[in-house]
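To find a chain, count down the sequence lines: A is the first, B the second, and so on, and within it residues start at 1.
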Amino acid sequence: MNLWHNFHYAVAMVLFCIGLYTVIMRRNIIKKIIGLNVMETSVFLFLVSIGYRKGGIAPIHGPGADPSRMVNPLPQALILTGIVVAVSVTALALSLVILLYRQFGTLDVSRLFREEEEEAG
Amino acid sequence: MKRLVSLLFIGALALLLLYVVSRMPPMGEPDNPTATRVVPRYLEKAEDETHTPNVVTGIILNYRGFDTMGEVTVIYCALAAVLAVLGRERRGRIRDYVELSGLPSSVIVRTMVALVVPFILLFSLYTIFHGETSPGGGFQGGAVIGASMIIFTTIYGLHLSSVKVPQRFRSPLEGSAVITFFLVGVLGFFGGGNFLTYAWPRVSEGLHPALVTWLTVLVEVGIGLGGAMVLISILFAMVREEGADEPLA
Amino acid sequence: MSGAFKHLPIMMITLPMLGAALMPFVSYLRREAVPWVSALFLVVSGVLGLLLAGRIPPDGCVGYRLGGWEPPFGIELKVDFAGYFLMMVVCGISLLALLYSRLYIIREVEGGKITAYYVLFLLLSASMMGFVVTGDIFNLFVFMEILAISSYALVAVTGNRNAVRAAFKYLLMGAPSSIMVLLGIGLLYSATGTLNMADLAARVGETGYREVLIASFAVLVLAFMVKAAIFPLHLWLPDAHSIAPSPMSAMLSGLVVAVSAFAIARIAFSVFTVHSWGVVGTTLDALAAAGAAAVLFGGIMAIYQRDFKMMIAYSTISHMGYIVLGFTALNPEGLTGAVYHVLDHGIAKACLFLCAGNFIYRKGYRRIDQLKGAWREMPWTCFAFALAAWSVIGLPPSAGFISKWYLVYGNVKADRVPYAVVLLIGAILAAVYCFRIIYYMFFQPGEEGAWRDQVMDAPAGMLAPTWALSLATLFFGVFSYLFLDSLLKAAASLLA
Amino acid sequence: MPEGATKSVVPLFPVLLPWISLLAILLMPRKAPRLRLWLCFAGSALTFLVVILMLPGVLDGKTYYFKLASIVEGLEISLYVDTLGYYFALVLAFMWMLATLYSISYIDHKHNRFFAFLALCGSFLIGCAFSRNMFTYFIFYEMMTFGSYPLIIHEETTMARRAGYKYLVYAIAAGTVLFFAIIANYFWGGGVLNFEKWGLLSLETASRAALLTIFFTYIAGFGVKAAIMPLHGWVPDAHPAAPSPASALLSGVILKAGAFGIMRVIFNLFGIGLMKELGVHWVVAVFACITIVMASVFALTQDNLKRRLAYSSIGQVSYIILGLAMVSRDGALGGVMHLAHHALMKACLFLCAGVILVKTGKKNISEMRGIGYQLPVTMICFSVCALAMMGTPPSVGFISKWLLGSGAMQAGLPVYVVILLVSSLLNAAYFLPIIYTAFFRWEGDEEGAHHPKLDFSAENDRLMMVPVVLLALLVLVVGIWVTVPGFPYSLASRVVNLVFP
């Protein structure tokens, strides 16, 4: 069955959902950011697995390296960009967390937003 | 209730995604669309066209160089974003908040760090300059430099590291990755090609391989330098705890 | 296009990037120069764009191969007329908002962050320009990320607690959606093996992995719906747009979400082209339904707001629905309406937010009922507001009328009369919330002491961009004939 | 380019000239308010002059055309002067000039705003009259609609605000419906909205259902302005709230813009042939009849003079609609002519009401006992026009009613004649008491006191009296010398000859 054969993808998808769950349900904002990173990583896993090739070798030319056996280098290149993006978003998110913590003294999202409702009402 | 709904939603999403996975091309087969389209050319011709044995580097810097320009812009953007949120340390006033950082640590740790950091820096240089023949590259090298500064800062404190990498040295270099890319890109026009063309058609045939290699290395260095400075600046902005005790608002 | 002119689009995109990269240096030398130098880069970029005028064939597109690699191996910019048009829109509105920022932002942002503000501003406009013309789907993602990160940060730039909270909310919805875009691109890549949009369009028709394609389209649309704040996924927008500093609200509300909405159209038409509409039709139908709901929901919520920036933000939600309803009509008229609506919505919304900024700058007022009698003290701002509101409602001869005409016409032509009626109801709702404010400003006596009897409007440096935008709504309405013919052709060729 | 039209810039002048007034207001120094107002008047007078100068050409059957902009193929903003458009433009330019003159001494505060919007509305209305297609018409029409809002709430009283609010609600809703109608017409009618032919749509190009949709959305959209019941709600509030010259224009011209739109729809877009084929004009006629009778009944119950006049206007505008809906030659002629006739009469009545308000401060009819002795000239003019409204010969009112009655006979529906007669009776019922109160009642008359002496001293304000007297004279003159070139008949008969070949 294809799902079994594609279990890398399946794992990536499950990780994706776990990450999404963390982002949505966790109340601690740092955990939310961890969830975000899990989601990102799952997509990287997914993309890298797309580039996998049975019995493939690293895509570096050199003695004994046969181009027809190399794994797909394109997803790797994309992932490099993706990682940088992920790092950037995480950096920004963490600095927002620092500021939020300084101002509210809490990391609990329900308390952050409860206060908002009180201020509005 | 909200929990249940979310769980149901995510469960449904997971099932759908798994269904899609089961309909995807089988992983690793040589006749997948991913393996038959576009990529064969990279694998076969990359060495001749980009003069880098490492195909990944060839793709990053040459075939898809513009993506990488975007990528360095993203990291630069992240720096600007962090600075916009947290603020940059002020010039000259760095002593005020130095004592807050820097972990108390033993002489052994301090000595070890002092000994190891130069080697880490050396390794980062290797990573940068060897990017085109082996795994590695500008950004990875920059990240290693950044990591070395993280170690240094945690042990020796912000003050000393900000003396080692002062702001007047750092801030003009933060954009160097983007600037290098831009310059190399524009040089492509004058060489008779398009933006980011490394193999200038106007320059005589004999020069091509060397030119491409040198431009690649130039870009790598730019990325490494810029990336490192950006990471260090982000680090400093986050470590800085000016007036952290009392909530601002 | 030949000669040096073919390099102009890429220079338009990269020059602001270079400017952003140079800005720390400029700031190090002389901090006061930062706004002017940033503006200079956008001006140069805009001038380069003007040089391109007339060189883009309306019924086709100019490809630009980065690094000289032929597609699908390298990245390609595809500058069609619609993309060029939007680039100019982005450039113009950004420039005006940037000029406006110079005086405004020193009030709200502490000194050390101002350079970062301008860096982000330049990156935001550069990324939007790249976003609308890129021909590579992964490149689209990269630009989208620059766009997203700079907008998260710019919402929080004032550092006040509500702003940080709004920015975090924005990030919590925006970042997962970015990841979903990447997931969608991964799915698309796995089924086709290519990333170039034109090549994808060719491959999508012949590949056998239908489910993967549908999933990828659905994921992409869902993700961009968050970015464009289309109805059920709009939760982040009202806070973020109303709390951000006003020139930033102008950018976010006028351009960022609209450009994201346009990205859906780009993906639908340039990647999943005509022959796969059957496959992705249901998604587009669902999207259209969401758009219709957005029009009504945004309009009704806008009526009930007390804070005028909040009201403008809800109005944006409503107008995103317009754009979606425009291009989901799947005919050139509807698409033209959508593209023109990006223009006029951008101008009008930016103008409204700048006017709101003027009120906040002078008086610190944010509530709608505080605007009663504002006309006596700030007539110029009030007039600019009225003109922009005119366009938001879609009354002739403003630009809003032209786009509304095409949106409704496109929907009638696509045999979607209910959606056309929804659009008209949206216009009525817009009239309700806009005329209320106009009425307060001009015809209602103010509270005692709320407004002085003598004219004391915002400084000229802020009024000038505001007025430039409000006159632009008229200009693009009266002189719409200069663009519409080409836009219709471009839309037709995008759909072909 | 329409067939046989002369390309000419002339149509542009009347549209642009009122902007001179606007510029005058904006640029003139604050110290010379009087001069500014006279410049405004000069702008409107010049507009009228230019329109008059076009008369010989139009009577020769020439048409003028000027393209402003072409949005896309088949959709352009252009000016086009044909007989019907010219007819409307002539009426409104004349009314505009008199209203501006009258306003100079009537409006006592916020001159700038009032005159600016007065000029703007004038420009937009002439744009309406000279539109070449429905698209252009709509653009000018909407601008005119919202431009007249400040005129209505000029007094800024609570009543004016409420009336203005109501006006906006109706205007926005109507504009939306109209917008949809035009889009439907553009799409289902084959992408053409032009006015230069007499009947553009046909059952070959569009299905019956589509045509009916287009027709009724048009009627609903224009019906709000033309105050067809039940879409008339804003009129009785707006008229009393607005300053008198503005009410005169509202009922003299702005209401007619709706009726004129319906004329364009029936004559130019659908054409008489198609109207007969579709056979739905009776629906419009029924609504018009209901409006005529009901409005008169409502008018009877009003004590506020301007409110009574407002209801009267509602009824009278429906005469025009009824004339069009008869789909007969004389009916159409009567309808078209009534547009001008009613404008003359009703504008005069409203201006008289304005004089009464300014000189005596009285708004309600019950307070006006003996007012004919305080303001004799005004009240004589008022009486002339009121009698004309009832259809007394020799006056313009008689001409209209005669033609309408004759049209009803041509259409084979004498029931319309009955309606007209009933309406005339009702007109008499609400106008005669005013005249009676003004001249035959006075303070203390029940105790046998002698009637007061005629007193001309209150009417020394020439700026206000000239328009009133001029209009009252015209009501008689146009009613007697009907066929003078330039008077309504000369133009309206040309139109009708074209519509009914």
Side-chain angles (χ1 to χ4, degrees), chain C residues 331-333 336-337 340 373 375 379 386 389-390 393-398 401-402 404-415 417 420-421 423-432 434-436 438-440 442-445 474 477-489 491, chain D residues 67-78 110 113 117 124 127 135-147 149-150 152-158 160-161 164-165 167-169 171-188 191 210 213-214 217 221:
Chain C
N331 52 28
E333 285 80 7
T336 305
Y340 214 72
W375 178 67
W390 207 253
I393 304 169
L395 293 174
S398 64
F401 171 68
I402 303 292
K404 196 174 81 176
W405 171 274
Y406 275 101
L407 290 171
V408 175
Y409 179 50
N411 274 293
V412 171
K413 197 178 168 191
D415 221 358
V417 176
V421 172
L423 283 169
L424 294 173
I425 293 174
I428 291 183
L429 293 172
V432 174
C434 286
F435 272 121
R436 180 171 56 142
I438 294 177
Y439 175 68
Y440 277 176
F442 289 100
F443 303 114
Q444 187 90 333
L474 282 183
V478 175
F479 295 96
S480 51
Y481 61 91
L482 296 174
F483 316 101
L484 277 170
D485 232 5
S486 307
L487 272 179
L488 273 172
K489 278 188 198 144
Chain D
K67 189 167 101 176
L68 291 172
S70 168
I71 305 264
V72 286
E73 193 62 40
L75 201 64
E76 61 173 32
I77 301 178
S78 49
K110 297 209 173 170
R113 188 176 75 190
F117 281 99
F124 296 150
F135 187 70
T136 318
Y137 189 83
F138 180 71
I139 289 176
F140 283 116
Y141 183 82
E142 285 281 275
M143 289 199 286
M144 180 273 291
T145 303
F146 293 103
Y149 174 73
I152 289 175
I153 68 152
H154 182 75
E155 312 265 329
E156 296 194 355
T157 55
T158 318
R161 281 173 214 289
Y165 175 72
Y167 177 68
L168 271 190
V169 171
I172 291 166
T176 310
V177 173
L178 201 53
F179 186 80
F180 183 79
I182 295 174
I183 292 225
N185 182 2
Y186 184 64
F187 178 59
W188 285 313
T213 315
I214 297 169
T217 40

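Using a 4.5 Å cut-off between heavy atoms, Gln444(C) touches chain D through backbone and side chain atoms alike. Neither the backbone nor the side chain of Phe483(C) comes within contact range of chain D, judged by heavy atoms closer than 4.5 Å. Residue contact with chain D, scored on non-hydrogen atoms closer than 4.5 Å, involves the backbone and the side chain of Ile428(C) alike. In this structure, chain D has a heavy atom under 4.5 Å from the side chain of Phe435(C), while its backbone stays farther away. At a 4.5 Å heavy-atom cutoff, Phe140(D) makes no contact with chain C through either its backbone or its side chain. Using a 4.5 Å cut-off between heavy atoms, Ile139(D) contacts chain C through both its backbone and its side chain. For Ile393(C), no part sits under 4.5 Å from any heavy atom of chain D, backbone or side chain. Interface remark: Trp390(C) contributes side-chain atoms only to the contact with chain D (heavy atom separation under 4.5 Å).
Aromatic ring centroids of Phe401(C) and Phe138(D) lie under 6.0 Å apart. Taking the six-membered ring for Trp and the full ring otherwise, Tyr149(D) and Phe443(C) have centroids separated by under 6.0 Å. In this structure, Tyr186(D) has its ring center closer than 6.0 angstrom to the ring center of Tyr409(C).
Pairing each heavy atom of Met143(D) with each of Pro397(C), the nearest pair is SD-CD, 3.2 Å. What you find for Gly221(D) and Ala174(D) is that their closest heavy atoms are O-CB, 3.6 Å.
If you tally non-hydrogen atom pairs under 4.5 Å between each of Phe179(D), Phe180(D), Trp188(D) and chain C, the highest count goes to Phe179(D). In terms of non-hydrogen atom pairs under 4.5 Å with chain D, the most contact-rich of Leu484(C), Val478(C), Leu423(C), Val408(C) is Val408(C).
With hydrogens and angles disregarded, no donor-acceptor distance shorter than 3.5 Å links the side chain of Tyr406(C) to the backbone of Pro332(C).
Atoms CG and CD1, from Asn185(D) and Ile214(D) in turn, are 5.0 Å apart once rounded to the nearest 0.5 Å.
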